[in-house]
Amino acid sequence: MILDGKSPTGPIEQTWDMHRLKMKLVNPANKRKYKILVVGTGLAGASAAASLGELGYNVEAFCYQDSTRRAHSIAAQGGINAAKNYPNDGDSISRLFYDTVKGGDFRSREADVWRLAQVSNNIIDQCVAQGIPFARDYGGYLDNRSFGGAQVSRTFYARGQTGQQLLLGAYSSLSRQIKAGTVKIFPRTEMLDLVVVDGEAKGITIRDLVTGEIRCHVGDAVLLCSGGYVNVFYLSTNAMGCSATAIWKAYKKGAFFANPCYTQIHPTCIPQSGDYQSKLTLMSESLRNDGRCWVPKNHGDNRPPNEIPEEDRDYYLERKYPSFGNLAPRDISSRAAKEQCDDGRGVGPGGRGVYLDFRDPINRLGKHTIEERYGNLFEMYELITAEDGYSVPMRIYPAPHYSMGGLWVDYNMMSNIPGLFVLGEANFSVHGANRLGASALMQGLADGYFIIPYTIADYLAQTEPGVVTIDHPECAKSIEDVNAYTDRLLSVNGKRTVTGFMRELGILIWENVGMERSEKSLTEAIEKIPAIRNEFWENVQIPGNGSGINQQLEIAGRTAEFLEFAELLARDALHRNESCGGHFRVEYQYEDGEAKRDDENFSYSAAWEYKGIGRRPELHKEPLKFENVELAVRSYK
Amino acid sequence: MSEHTAHGTMTLKLIVWRQKGPTEPGRFETYLARNITEHHSFLEMLDVVNEDLINDGKEPIVFDHDCREGICGTCSQVINGLAHGGQTRTTVCQLHMRTFKDGDTIYIEPWRAKAFPILKDLMVDRNALERIIQAGAYTSVNTGAAPDGNSILISKEDADYSMDAAECIGCGACVAACPNGAAMLFTGAKVSQFAALPQGQVEARERVFSMIEVMQKCGFGNCANHYDCQAVCPKDIDVKFIARLNREYLKALVM
């Protein structure tokens with residue numbers, strides 16, 4: 001099937017404004033008749049739930065954490081982009097649009113990206129009004145810094161905790177609506193099924209993680225804001241509870257999954273220290289504003305870093321990408337780090353690390369300035385490694401961080417299942433094959449604050465409210481299915497722990513479907529995943545029962561979904577015979593090792609339709625048209 | 001037990017609070033944590049113990065955790081009597097085993113406070129903190145109603161002060177550490193964040209009244225200047241914000 005994203009046509013500057021004018025509205029008095037279910041309360045979910053509550057809709061919001069404030073958006077460090085052009089350095093909506101399309105290696109929809117760039121400025125205004133203490137200069141004006149893939153300073157920040165402050169802002173708006181009674185929250189619940197009635201999304205089935213109760217909630221629309229899936233690698237910068245479960249359950253109910261192979265490996269993370277490790281910690285990309293990445297020039301140079309003289313250091317990013325230097329985009333910086341390590345010049349245990357050095361900026365600006373800019377990051381580095389990043393270069397290595405792929409949505413952010421909307425990292429829409437730094441926060445809040453309030457009305461205005469009630473047979477069936485699934489997990493009673501399986505899967509996916517992929521590695525992964533999955537269902541051991549708090553049961557469910565999802569990830573990567581952004585196929589590269597796109601054959605979004613476990617999913621294509629940005633080799637040299 | 005060396009592993013004796021549910025009686029159980037290196041985080045050490053327990057057919061220890069990088073505020077354990085383990089500016093998830101030595105005995109308990117019922121083992125219900133926030137920790141700005149970000153000038157000093165308060169991760173360690181089970185550092189930080197900003201002025205009076213009212217209704221105690229809260233706070237939130245809370249309250253009384 002050729003998919004239609006329903007992007008508006010005409011001059012790109014007018015697309016969103018014209019589209020808003022054409023969309024239907026819901027009368028203020030009628031809004032309270034509609035119930036909207038929001039799954040996930042990160043930036044996208046919290047901002048959507050709050051904004052829809054303000055409009056008068058009846059909202060129910062769900063999260064697996066004990067508080068809506070704890071979603072993993074909270075961990076984003078560096079900043080949020082906007083095209084304010086406050087520094088007067090040449091930024092504009094057009095430039096942010098261009099940088100994002102190019103940064104995504106020409107694999108995103110132009111109109112969606114334009115809209116994102118257009119509303120980026122409103123986000124900053126909204127956040128300031130909420131009382132978010134953004135960094136200010138001495139005149140009292142908002143301060144900016146630079147991020148990868150841009151030559152302007154358009155990133156707004158709140159120390160190294162921008163995600164925290166933005167999420168707490170959205171959380172405060174959400175809390176206000178909870179008090180007002182427009183939003184009801186259900187913390188410590190996990191969505192385990194999507195209820196589809198006559199082809200439309202009308203509810204979700206959740207498990208209450210405290211009581212173990214499995215129950216259905218019905219509504220007139222469902223918003224999935226459940227984040228990304230890079231915990232499929234087991235070790236990633238995501239929180240322990242991040243999973244593909246919500247979007248995967250929707251996929252199994254017919255929602256298309258787009259571009260799963262676009263995964264982002266972040267270049268600056270603290271290297272792994274042992275097999276017991278449960279997660280990896282990111283060091284913000286903002287550090288590359290001042291820090292310089294290098295490895296020893298010569299093989300076998302085992303001197304401590306501070307004893308290696310300038311002429312024996314290889315500042316490989318500055319050498320390879322002179323115009324962007326240490327601010328080359330993430331996919332490129334990650335591969336460059338891996339390239340140095342594969343060449344045998346990596347540092348630290350196992351040679352899987354590169355230096356991120358602050359010696360020069362400290363000499364130039366003083367330690368105090370560096371401390372003020374990144375103090376909390378140096379502190380975090382020291383807590384984990386027991387090393388002082390001010391006096392000894394930090395050691396960093398790439399780690400899975402973000403997923404650009406996700407459920408397919410049209411321009412209205414509605415999936416192919418009417419009534420099912422997907423926001424934030426959970427959808428696939430704007431980042432193409434690679435996301436630029438400080439753009440995830442921008443997207444989450446754009447989707448929740450400034451897009452869904454308009455686009456959902458267009459759907460609801462054509463939908464009669466409250467048609468499906470809790471006694472609908474589809475609800476009973478969904479509850480029955482989830483109960484059966486949970487019972488099946490608990491009854492395996494095998495010998496291996498859940499974590500053992502997740503770790504095994506993670507290593508396989510990291511080795512075979514990670515930073516570099518080949519036909520051979522992907523074919524091997526597709527062969528091996530079902531074997532792990534089969535063993536899981538025969539030999540997993542989950543203690544306890546389903547009638548109360550059971551954390552092993554929770555992670556078992558998430559692992560079971562990852563064991564299915566991983567196969568789709570590998571299949572998508574195998575089918576895409578080109579390299580672009582975060583998807584690098586060794587067969588497709590230029591002589592200098594840069595990614596080689598194939599626009600003639602792969603300038604489309606790949607949306608997969610579920611056909612059963614272990615069965616080949618069906619591929620649908622949505623062709624990408626570029627009318628405003630010229631397709632070019634993506635160069636940061 | 002062998003002497004701990006830099007590259008060796010440690011064995012530790014854990015004395016852990018186990019409790020099946022809010023109304024069940026709890027008790028301490030003893031476990032051994034084996035093969036722990038100095039690079040294990042505290043929670044990774046507990047992961048190892050839980051894997052051993054599962055392999056022995058026993059129920060693993062339930063504890064709250066999520067981001068494991070010190071920012072989500074989920075993890076919540078009292079270690080050897082100190083909330084988050086007593087290392088300066090550190091959450092449990094960032095505490096590393098290099099601060100312990102082979103053969104150590106470690107007591108692990110949940111947050112203990114009247115306002116935080118124990119759900120299971122080390123997991124507590126912190127919904128009372130949510131209620132304080134819902135009482136007024138926001139500016140009443142609807143989406144879309146905001147003026148240009150730079151139309152509100154805020155001195156760097158005020159922005160920094162506000163940010164110092166806003167760094168609170170809402171973990172509740174301050175409550176767990178307080179002899180009175182007070183949430184005044186938590187509440188004070190939120191009130192102060194808004195009090196320092198022009199955006200927070202319009203609703204300042206109502207905010208401080210309703211937040212304090214709910215705080216008291218939730219069963220939290222009052223500050224008696226012990227300052228244990230700041231000592232255990234993983235973000236080092238300053239007790240000056242409690243003074244600010246009191247000042248804002250007084251100011252509101254006479255407004």
Side-chain angles (χ1 to χ4, degrees), chain A residues 50-51 54 65-67 69-70 72 74-75 84 86 122 124-126 128-131 133-138 140-142 158-159 161 164-165 168 172-173 175-176 178-179 210 239-241 273-274 276-279 281 379-380 383-384 386 449-450 453 497 499 541 543-544 548-549 551-552, chain B residues 21 37 39-40 43-44 47-48 51 54-55 57-60 62 64-74 89-90 94 96 98 119-120 123 126 130 133-135 137-150 152-156 159 162-163 166-167 170 193-194 197 199-200:
Chain A
S51 302
E54 286 164 12
Q65 299 89 347
D66 73 322
S67 161
R69 70 181 287 157
R70 306 202 200 282
H72 200 55
I74 199 118
K84 286 282 195 186
Y86 287 153
N122 302 89
I124 302 304
D125 302 339
Q126 191 65 33
V128 168
Q130 285 170 340
F134 281 117
R136 301 268 168 171
D137 62 22
Y138 285 98
Y141 294 93
L142 290 157
R159 291 193 190 144
Q161 294 112 296
Q164 180 201 25
Q165 293 310 312
L168 293 183
S172 72
S173 292
S175 298
R176 176 172 162 244
I178 293 165
K179 188 184 183 187
V210 177
M240 302 300 287
S273 63
Y276 51 80
Q277 194 144 348
S278 56
K279 79 155 279 162
T281 302
E379 202 176 350
M380 191 159 73
L383 276 176
I384 293 169
Y449 284 136
F450 296 108
T497 63
T499 306
Q541 187 190 16
I549 296 168
Q551 294 177 313
Q552 287 294 311
Chain B
T37 73
H39 297 298
H40 279 75
L43 299 187
E44 284 165 353
D47 290 343
V48 171
E51 291 285 296
I54 297 166
N55 285 325
K58 293 178 183 149
E59 277 215 32
V62 168
D64 259 329
H65 65 101
D66 202 24
C67 78
R68 296 206 175 189
E69 51 184 277
I71 193 73
C72 73
T74 309
R89 287 179 65 89
T90 307
Q94 290 192 303
H96 277 67
R98 66 178 75 95
L119 292 174
K120 191 172 182 180
M123 182 187 276
R126 287 171 284 195
E130 301 296 305
I133 296 295
Q134 287 157 18
Y138 42 75
T139 64
S140 294
V141 55
N142 278 356
T143 301
D148 184 85
N150 260 347
I152 306 168
L153 293 189
I154 299 166
S155 74
K156 187 173 185 304
S162 181
M163 182 65 196
E167 281 194 59
Q193 175 196 339
F194 289 107
L197 300 173
Q199 304 95 301

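These numbers were taken from a predicted model, which means no experiment stands behind them. FYI, side chains are in, hydrogens and waters are out, and symmetry mates aren't considered; it's all heavy atoms of this structure. Residue numbering restarts at 1 for every chain, and letters A, B, ... go by the order of the sequence lines.
- The line from CG of B:Asp47 to CE of A:Met240 is 6.0 Å long, rounded to the nearest 0.5 Å.
- Of all heavy-atom pairs spanning A:Phe134 and B:Ala159, the tightest one is O-CB, 4.0 Å.
- Side-chain atoms of A:Gln552 never come within 3.5 Å of backbone atoms of B:Pro60 as a donor-acceptor pair (strictly under, hydrogens ignored).
- Most heavy-atom pairs under 4.5 Å with chain B, from the set A:Asp66, A:Thr281, A:Ile124: that is A:Asp66.
- B:Lys156 places no side-chain N or O within donor-acceptor distance of the main-chain N or O of A:Gly140, the cut-off being under 3.5 Å.
- Two residues are said to be in side-chain contact when any heavy atoms from C-beta on lie closer than 4.5 Å; A:Tyr276 and B:His39 meet this criterion.
- Side chains of B:Ile133 and A:Arg176 form no contact here, defined as non-hydrogen atoms less than 4.5 Å apart.
- Note that CD1 of B:Ile71 is 6.0 Å distant from CD1 of A:Ile74, once rounded to the nearest 0.5 Å.
- When the salt bridge (Lys or Arg N to Asp or Glu O under 4.0 Å) test is applied to A:Lys179, no partner is found at least two apart in sequence or on another chain.
- A donor-acceptor contact under 3.5 angstrom links the side chains of B:Glu130 and A:Ser67, judged on distance only.
- Heavy-atom pairs under 4.5 Å with chain A peak, among B:Leu197, B:Val48, B:Ile54, at B:Ile54.
- In terms of non-hydrogen atom pairs under 4.5 Å with chain A, the most contact-rich of B:Thr139, B:Asn142, B:Asp64 is B:Asn142.
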(message) Please evaluate residues B:Glu167 and A:Arg159 with respect to the criterion salt bridge (charged side-chain N to carboxylate O under 4.0 Å, His left out), reporting the C-alpha separation (whole Å), side-chain torsions for both, the decisive distance (0.1 Å), and the verdict.
(response) CA-CA 10 Å; B:Glu167 281 194 59; A:Arg159 291 193 190 144; 2.6 Å; yes

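- Chain B forms the most heavy-atom pairs under 4.5 Å with one residue out of A:Tyr86, A:Tyr449, A:Phe450, A:Tyr138, and that residue is A:Tyr86.
- Across all non-hydrogen atoms, the minimal contact from B:Ser162 to A:Pro133 is OG-CB, 3.7 Å.
- When B:Gly57, B:Gly144, B:Gly21 are compared by the number of non-hydrogen pairs under 4.5 Å with chain A, B:Gly144 comes out ahead.
- Between A:Arg136 atom CZ and B:Leu153 atom CG the span is 7.0 Å, to the nearest 0.5 Å.
- Counting all heavy atoms, side chain and backbone alike, B:Thr143 lies closest to A:Gln126 at CA-NE2, 3.4 Å.
- Of the possible donor and acceptor atoms, one in the side chain of B:Glu44 sits under 3.5 Å from a partner among the backbone N and O of A:Ser278.
- Closest approach of A:Leu383 to B:Gln94, counting heavy atoms only: CD1-OE1, 3.3 Å.
- Here the straight-line distance linking atom OH of B:Tyr138 with atom CG of A:Leu168 works out to 15.5 Å at 0.5 Å rounding.
- The main-chain N or O of A:Gly131 is found under 3.5 Å from a side-chain atom of B:Gln193 such that the two form a donor-acceptor pair.
- Between A:Val210 and B:Leu119, the closest side-chain pair of non-hydrogen atoms falls below 4.5 Å.
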(request) Verify side-chain hydrogen bond (donor to acceptor under 3.5 Å, both in side chains) between A:Thr497 and B:Glu51, making sure each step is shown before the conclusion. (result) CA-CA 7 Å; A:Thr497 63; B:Glu51 291 285 296; 2.6 Å; yes

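- In terms of non-hydrogen atom pairs under 4.5 Å with chain A, the most contact-rich of B:Gln199, B:His65, B:Met163 is B:Met163.
- When heavy atoms are compared at a cutoff of 4.5 Å, A:Ile178 approaches chain B solely by way of its side chain, counted from C-beta outward.
- For B:Lys120, the side chain to side chain contact (heavy atoms under 4.5 Å, CB included) partners at least two apart in sequence or on another chain are A:Ile549, B:Glu59, B:Val62.
- By the neighbour-count criterion of 12 heavy atoms within 6.0 Å, atom OH of A:Tyr141 is sparsely surrounded, having that number or fewer from other residues, nucleotides or ligands.
- With a threshold of 4.5 angstrom between heavy atoms, A:Ala50 does not approach chain B through any atom at all.
- Closest approach of A:Gln164 to B:Ala166, counting heavy atoms only: NE2-O, 4.0 Å.
- The structure places CG of A:Asp137 at 11.5 Å from CD1 of B:Ile154, a figure rounded to the nearest 0.5 Å.
- Of the listed residues (A:Ser173, A:Gly241, A:Gly274, A:Ser172), the greatest number of heavy-atom pairs within a distance under 4.5 Å of chain B belongs to A:Ser172.
- Contacts between A:Gln277 and chain B at a heavy-atom distance below 4.5 Å involve backbone atoms as well as side-chain atoms.
- With chain A as the partner, the residue from B:Gly70, B:Ala137, B:Pro147 showing the most heavy-atom pairs under 4.5 Å is B:Pro147.
- Of the possible donor and acceptor atoms, one in the side chain of A:Asp125 sits under 3.5 Å from a partner among the backbone N and O of B:Gly149.
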(message) Applying salt bridge (charged side-chain N to carboxylate O under 4.0 Å, His left out) to A:Arg70 and B:Asp66, what does each step give before you reach the verdict?
(response) CA-CA 8 Å; A:Arg70 306 202 200 282; B:Asp66 202 24; over 6 Å; no

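- A 4.5 Å side-chain heavy-atom check between B:Asn55 and A:Gln541 finds at least one atom pair inside the cut-off.
- Within the model, atoms CD1 of A:Ile384 and NE2 of B:His96 stand 5.5 Å from one another, a figure rounded to the nearest 0.5 Å.
- In this structure, chain A has a heavy atom under 4.5 Å from the backbone of B:Ser155, while its side chain stays farther away.
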